[in-house]
Amino acid sequence: MNAPADVPLAAARFTGERVPRKEDRRLLTGHGAYVDDVTMAGMVHGMFVRSPIARGRIVAIDVEAARALPGVRAVYTAADLDRHPAKLTGLYGSAESKFPDIWPLAKEDVRHVGDPVAIVLADDRYVAEDGAALVVVEYDDADAVVTIDDAATGAIVHPDLDTNVALMIATPEDPGLEAVFAGAAHVVTGTITHQRQAHVPMETRGIVAALQGSGEMLIHASCQSPHMVARYMDLAFAMPDLHFRVIAKDVGGAFGLKVQPWREEVAIVAAALLIGRPVKWIEDRLENLTASNQAREQDVTVRLAFDADATLLAADIDYRCNLGAYPHGADPNSLAMVMFPGPYKLPRYKFRAQGFYSNTAGQAAYRGPWAMESLARETLLEKAARQIGIDAVELRRRNLITAADQPHTMLTGFVIDRVTPRETLDKLVAHLDTPAFRAEQAAARAAGRYLGLGFAVYVEPTTMAFGGILSSDVADIRIEPTGKVTLTVSTHSQGHGTETTMAQLVADTLGVDIEDVSVMEDDSSRGGFGPGAGGSRQAVSGGGATLIASGKLADKIRAIAAHVLNASPDTISLAGGKVLVAGVAEMTTTVKEIAEIAYYQTERLPEGMEAGLEARHRYRPPPVVYSNAAHACTVEVDVETGMVKILRWVTCEDCGPMINPAVVEGQIAGGVVQGIGGVLYEQISYDARGNPTAVTFKDYLIPTAHDVPELEFLHIATPSASEGGFKGVGEGGAIVGPPTLVNAIADALAPFGADCLTLPLSPPRVLAEIGTRD
Amino acid sequence: MKAAPFDYVVADSVEGAVEALADHAGDAALLAGGQTLVPLLALRMAMPGVLIDINRIDGLAGIARSGGATRIGATTRQNTILHDPLVARHVPALARATGFVGHHQTRNRGTIGGSLGLAEPAAEYPATALALGARIEARSPSATREIAIEDYFLGPYTTALDMDEMITAAIFPDWPEDTIHIVHEVARRPGDFALVGLVAAFAVEGGVFTRAGIGWFGMGPTPMKSARAEAALIGQPAATVDLAGIARLAIEDTDPMSDIHADAAYRRTVGARIFERIVGDAIGQRKAA
C-alpha cells in the first residue's frame, strides 16, 4: 500500500496488510449467528396480514376465524397495539418536512400494497401464515397515487397532511442565471431517470423480542447498530420503566435498509409486550421485495452552461423523488443537492428538489443515497463532451479542482480538502491505455460491433460527524488478566469486516497478535452509543476511537513497565506481545505479566495509578471526511438484442491509508456490483393500481457472478485529518459505478446519437435508445 | 412463504401415482424435481391438498432408444440429459437446450417430465419438444396414450393431460442424420427465462430443405410453432433462400406478450433478427463444411 510516513502507527504489522478476516471462517462454514438462529422457550412466530391494495379505507377486520385456528396464540390489530402506543419517527429531513403520523399497523386506511394491517402469532411460521390467510379485511378501494407525476397532481396520500410534497428545497432566486445560459457557448441539457431499486440484503429483516422480567425488553435484531435499535425503540415506546437491550451478532447485509427499525420490528416488540412471550418475525423474500422500504426512483433535469473552452459556467438542476408512503424520512435528497458540484469548479449553481409521497413502499437510505448527484453530473458531462466535440477526460481535466485549489469551498458550503480527483483520474487513464482502446473501438465499429468506454469521477462526503446521530463513536478496550485483549466498540458489521479491521488497529498499537484481540460490537448493553454502519464512517470514526483508546492503554502499559523495570517510558516499546526496553534485552517482559501486575499485584503499580488495564475513548471525527475516486469501464453492446456485456472495469480511489486493502476492495466491488444492478438489471415496478410487479427473484434481477467482470483496483492514499488519516469507502462503488457504466454504454452507442439517460438500460430500452426497433 | 397444509403421498409405481391422482382429482400435484412446484407452494400460488411424490418410482427415469426414437423417462434429471451420449447423438437440440435450463444446481433436480408438465411458455423443453415433433407418453388409471406435441399445449401452463393423467416419458423421433439443429436464446442473465428463444431443426438434402421444425419460447402464451415458415422452407435451396422473408413469416406465427422484462415489439424484432442471423450462420457453416 501507499501509506504515507506520517500515519501514526509505529511498526505496523497488521495495518495496511491483507489480513484474512477473522469472521470469515465462521461465516463461510455456516456458523454465523443470525437472528433466525435465535430460539427461546415459549417463542411464537409472527406473520403480518398485509394490504393487497395500494390505497383504501379499512371497513372491517374479522380475526375470529384466525384466532380459532389451533396453534394460533393471538391476532392483533392496530387497536390492540394501541395499548402500548408506539409512534415511528424518521431519521432524515428537516424541521420544515411534512411527516405523517406513522404507526406500526395501519389504522383507518391502507396506503400501499403490503401495508401491515394485523399480526398473527402462532406456534410456528406455517401456522401463522395459515392464520393470516383466515383474517378477513374489508376495504373500500380508492385510486392509487403511484408515480411522481401521480403524486404531483393526484389525491393526497396522507390525510393528516395537506400536500404530497414532503419537502421542497431550493437555492434562492438568481436573477443573473438566465443571462449566463443565454451567453454560454454551449448549453447541455438532459433528464436522467433512475428506477426504483430494492436493497435485497441476503439476510432479510428480522427480530426476536422477549420481555425479561418486567423491566427489560431483550431484542435480537438484524440491524446496522444494536445501539441505534435500542435508542429507536426507547423513543418509539417512551415507556419510562422499560429498558431496551439489543443484540445483533452476524447480519447478512443491510445497505441502509436496516439503519433504523421500522413498522414491523416495532409491531413485534409491541406484540411481545402484549402476549408476554418471546416473538420472532423473519421477513420472507416476498415481504422483502414488496413491503420493505426501497430506494432511488428519482429524476433530475439538468442544464449545464460552458464557455467556448468547455469550462463550466453554471448548472441548474430540478430534482424529484418518490418517497413512497412511509419513508424513513421526509427528505428530498438534500445531500444530493449539496454534492452535485462534486470535485468540479462550478461558479454558479441553482437547484430545486422535491420529495413526493405516493401509495408505494416507502423509501430508505440505500448505499450512497445521494448518488443521483454523481449520476446526473457525470452522465451530463459526457453528453457535453460529445456535444462540444471534446474528449470526456479532457473536459473533466479542464474543470476538476486540483491540489492547488484545496481547501475548496463548494457553492453549497461544504469545504473539500485532501482529495485527489485529478490524480485518481490521471492514474486511471494511464493504466487503461485509452488510445489502444479507441483503436480497437474504431476497428470494431467498422465491423459492426459497438464497444464503449466510460469514465466517472466523484468526491464523497464520508463520516458526516457534523451533528446529530453520526457525531461520535466510542471504543472501550481492556487487556484481561490473561493478556487477551477485548475491544468493545460502537461499530457494527453487516459484512464490513470491522471485527478484523478494528483488531488490526488494536494489535499494532498494543504490539499483540491479532488472534489475541476480540472485537465486540454486538450488544447495546456493552460499550456505549454509536450509530454503527451508515455514511461510510466506521473506519474513520470507530477506527479513530479504537486507535486513541488503544494508545491510552499502550501508554499505561509503558508507564507500568517503566515503573516496575525502573526504566524511562520512552525507551519502552510493545511488539509481539512483549514489552521491550530499548537496548536491554534481558529486561523484556510481556503484556500478560503487566496485566497480572495491573490486576493482581496492584501494590507494584505507580503511586496513585488506577488498577486494571482498561481505557476508553469517545472520538469526534472531523465534520466531513472526503474520499474520492475515478472509475472507468468498457462494454460491448449487442445492437441486435440490446444486451450489454461489461468487458473491463478499473477503479482508482483515494480513501486514505487502508487498514486492510482486501476489505477496501471488497467494499468497492460490492458497491460497483449494486451499481451494475441499478444500471442494467434491477427494477421495482408497479402497475397503475400500485401493485408491485417484481415480487420474487425471478423478476427482480440482481447481477450474478456471470454478469460482473473482474475489477482492477488502483489506489492512492492521501491521509485525511482524522485519527489514522482514514477516509470512508463503503458507499463509493455504488455512487460512481452507475455513471461509469452508463457513460460506457452511451459511448458505445454514440454513432446512434443515444444518451442512455433512462435507467435501467434493459435490452428493450437499449434498442429504443438506438432507434432500430422494427 | 410457507406452504399451506397438504398431505404427502409417496408413489412407488406409476399405477399408484395415477390412482392417487384420480382419488384426489383436481386437488393433487405431482412432485418430481420440485424446482417450480416448491417455490409455488411456498408462495401459496399452488395449494394442492395432496402432493404425490413420484421420485421413487422405479424405471420412471432413464433414456433409451426404441423404434427410431429416443425415449426419455419423465423423472430423468436435466443434468442427466445434458450429459447423456444418446441424447447428444440423436437429439442434439435437446442437449443444447438443456444447457440453458436454469442453473447446474436446479438441473440436478429438475426433470423433463416436470418441465413438460408445467408447460411454461418461456421454458426451453416445451419449445424443443414442439420444434422436434416429440410425443408425450401419458398414463391414466385406465390407459396409456401418446399425445402428439401439436395437440399437447393448450394455453399458458395448460396441457392436454387429464386430471388423472401423468407424463411417463417424452419421445423424440429421429431426424435425418445431417439435420441442422439450432438452439438460441436471449435472456437477461444466464439461467433466466428467455426474452426470446428459438429451437429449430432443418433437414437439407441436395442443398434443398426437406424438413423443418421451428419452435419458439417466450414468444406467446404457449411454446409457439412457426408452421407456415416450416412449410415455406420445404423445397427451397439453402444457399439462396430468402431468410429475411422466412424470418418475418416465422415471427407472424408467434404471439408474444409484453411483461416487465420486454414488450411484444422487442420480442418480435429480436426474434426475427436472431432467426435470420443464426439460421444464416448455420446454413453457411454447413456450406463451408
Exercise. Going by residue number, which parts of residues 673-687 of chain A are within reach of chain B, meaning a heavy-atom gap below 4.5 Å?
Worked result: Leu680(A), Tyr681(A), Ser685(A)
For this session: Would you mind reporting whether His706(A) and Arg189(B) have side-chain heavy atoms less than 4.5 Å apart?
Result: no
For this session: Let me know if Arg267(B) has heavy atoms under 4.5 Å from chain A in its side chain, its backbone, both or neither.
Result: neither
Problem set entry | Audit row: Lys2(B), Val127(A), side-chain contact (heavy atoms from CB on, under 4.5 Å) steps and yes/no | CA-CA 9 Å; Lys2(B) 301 290 183 198; Val127(A) 177; over 6 Å; no
For this session: Rounded to the nearest 0.5 Å, what's the gap from CZ on Arg273(B) to CG on Asp638(A)? Could you check?
Result: 9.0 Å
For this session: Grab the two heavy atoms, one from Arg188(B) and one from Pro763(A), that are nearest each other, plus how far apart they are.
Result: NE-CD, 3.3 Å
Exercise. Just how far is it from atom CD1 of Ile260(B) to atom CG of Leu701(A), taken to the nearest 0.5 Å?
Worked result: 7.5 Å
Exercise. What is the distance from atom CD1 of Ile278(B) to atom CD of Glu640(A), rounded to the nearest 0.5 Å?
Worked result: 6.5 Å
For this session: Measure Asp130(A) against the heavy atoms of chain B and call it side chain, backbone, both or neither at under 4.5 Å.
Result: both
Exercise. Is it the backbone or the side chain of Ile282(A) that comes under 4.5 Å from a heavy atom of chain B, or both, or neither?
Worked result: neither
Problem set entry | Under 3.5 Å: donor-acceptor pair, side chain of Arg285(A), backbone of Met1(B) | no
For this session: Quick one: pull up NE2 in His261(B) and CG in Asp699(A) and give me the separation to the nearest 0.5 Å.
Result: 3.5 Å
Problem set entry | Residue selection (most heavy-atom pairs with chain B, distance under 4.5 Å) from Val644(A), Val695(A), Ile702(A) | Ile702(A)
Seminar exercise, completed: Ranking Arg125(A), Glu129(A), Lys698(A), Met47(A) by heavy-atom pairs under 4.5 Å to chain B gives rank one to Glu129(A)
For this session: Name the member of Thr641(A), Thr693(A), Asp124(A) that forms the most heavy-atom pairs with chain B at distances under 4.5 Å.
Result: Thr641(A)
Problem set entry | From CG (Leu43(B)) to CG (Leu286(A)), nearest 0.5 Å | 6.0 Å
Problem set entry | Leading residue by heavy atom contact count with chain A [cutoff under 4.5 Å; candidates Pro39(B), Ala4(B), Pro190(B), Ala42(B)] | Pro190(B)
